[in-house]
Amino acid sequence: MKDLYTFKDYYGNLVRLSFDDHPFSSHPKHVWVICRFKNNWLLTEHLSRGLEFPGGKVEEGEKPIEAAEREVFEETGGIVEQLVYIGQYQVYGKSECVVKNIYFANIGELIDKNHYYETKGPRLLQGIPKDVKNNRAFSFIMKDDVLNKSIERLTDEVQFE
Ligand code: GTP
């Protein structure tokens with residue numbers, strides 16, 4: 001594996017992150033999507049966890065990219081225009097090991113909906129605050145090195161408008 005990063009998450013669980021091509025599983029069961037819409041980051045506000053990039057579980061019979069597009073629409077109303085695979089991470093939880101694909105998505109359009117599943121819907125941010133790790137408004141999934149390492153990686157690979 002070319003670049004493997006190992007660190008602890010907000011809850012002290014071990015995380016392994018790599019930007020190789022599907023290093024931990026060819027069929028990951030989870031997806032996480034870093035979204036941009038018109039020069040802003042597009043997040044969602046989860047009802048209990050707080051602000052985070054959208055994502056969730058891959059459903060039976062679904063491909064991870066389909067899950068990524070579905071989760072973005074369900075949680076933000078965003079229509080994915082471009083989806084780029086960035087990397088994968090693995091979290092060793094108490095009982096299970098979760099493998100997640102990380103994508104970057106360019107959002108073409110934001111549809112106004114009256115239901116956003118377990119979230120309060122879209123939240124647009126010009127920047128991710130520097131204090132995100134200590135900011136109670138943000139979800140724990142934004143509080144480990146997956147976020148900053150992925151964004152570093154993004155700015156190398158994806159041309160923002
Ligand atoms: P539901 O079935 O939707 O209620 O989910 P769950 O609470 O069982 O969680 P899930 O199967 O999504 O994940 C299991 C555990 O893995 C969570 O409790 C977290 O500890 C951890 N986990 C899941 N996703 C992430 C993530 O993106 N980052 C980090 N650091 N941990 C995660």
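Start at 1 and go down the list; that is how both ligands and their atoms are numbered.
Remark: atom 17 (C) of ligand 1 lies closer than 4.0 Å to no protein heavy atom. When distances from atom 3 (O) of ligand 1 to the protein are checked, a heavy atom turns up under 4.0 Å. For atom 31 (N) of ligand 1, a protein non-hydrogen atom is found at a distance below 4.0 Å.
Annotation for ligand 1: atoms under 4.0 Å from non-hydrogen atoms of D9 are 29 (C), 30 (N), 31 (N). For ligand 1 and D144, the ligand atoms under 4.0 Å from any heavy atom of the residue are 30 (N). Those atoms of ligand 1 that come under 4.0 Å of a heavy atom in K100, given as number and element, are 24 (N), 25 (C), 26 (C), 27 (O). Atoms of ligand 1 lying under 4.0 Å from at least one heavy atom of V91, given by number and element, are 29 (C), 31 (N), 32 (C). Of all atoms in ligand 1, listed by their number and element, those nearer than 4.0 Å to a heavy atom of N13 are 20 (O). Every atom of ligand 1 is numbered from 1 in the order shown, and the set under 4.0 Å from a heavy atom of V98 is 13 (O), 14 (C), 16 (O).
Comment: R153 engages D3 in a salt bridge, judged by a side-chain N to carboxylate O separation of less than 4.0 angstrom.
In this structure, E74 CD and E69 CD are separated by 12.0 Å, a value rounded to the nearest 0.5 Å.
Counted within 6.0 Å of CG on D131, heavy atoms from surrounding residues, nucleotides or ligands total more than 12; the atom is thus considered enclosed. Around CZ of F140, the count of heavy atoms belonging to other residues, nucleotides or ligands within 6.0 Å exceeds 12. Environment of NZ in K133: crowded, with over 12 heavy atoms of neighbouring residues, nucleotides or ligands closer than 6.0 Å. Heavy-atom neighbours of E66 CD from other residues, nucleotides or ligands within 6.0 Å: above the threshold of 12.
Atom 8 (O) of ligand 1 has E96 OE2, 4.0 Å as its closest protein atom, hydrogens excluded (heavy atom only). The protein heavy-atom contact nearest to atom 19 (C) of ligand 1 is F140 CZ, 4.0 Å. Considering only non-hydrogen protein atoms, atom 5 (O) of ligand 1 sits nearest to K57 NZ, 3.3 Å.
The shortest N/O to N/O separation between Y11 and ligand 1 does not fall below 3.5 Å.
Ligand 1 is never approached by K94 to a heavy-atom distance shorter than 4.0 Å. Heavy atoms of Y89 come nearer than 4.0 angstrom to ligand 1 in at least one pair.
Between atom 10 (P) of ligand 1 and the options H30, E52, K143, the minimum heavy-atom separation is to H30.
Under the 6.0 Å distance and 45° angle rule, K113 counts as a cation-pi partner of F73.
With a 4.5 Å cut-off on side-chain heavy atoms, L51 and M142 do not count as touching.
The six-membered or imidazole ring of H115 lies near that of Y117, with a centre-to-centre distance under 6.0 Å.
One N or O on the side chain of T44 and one on the backbone of G121 form a donor-acceptor pair closer than 3.5 Å.
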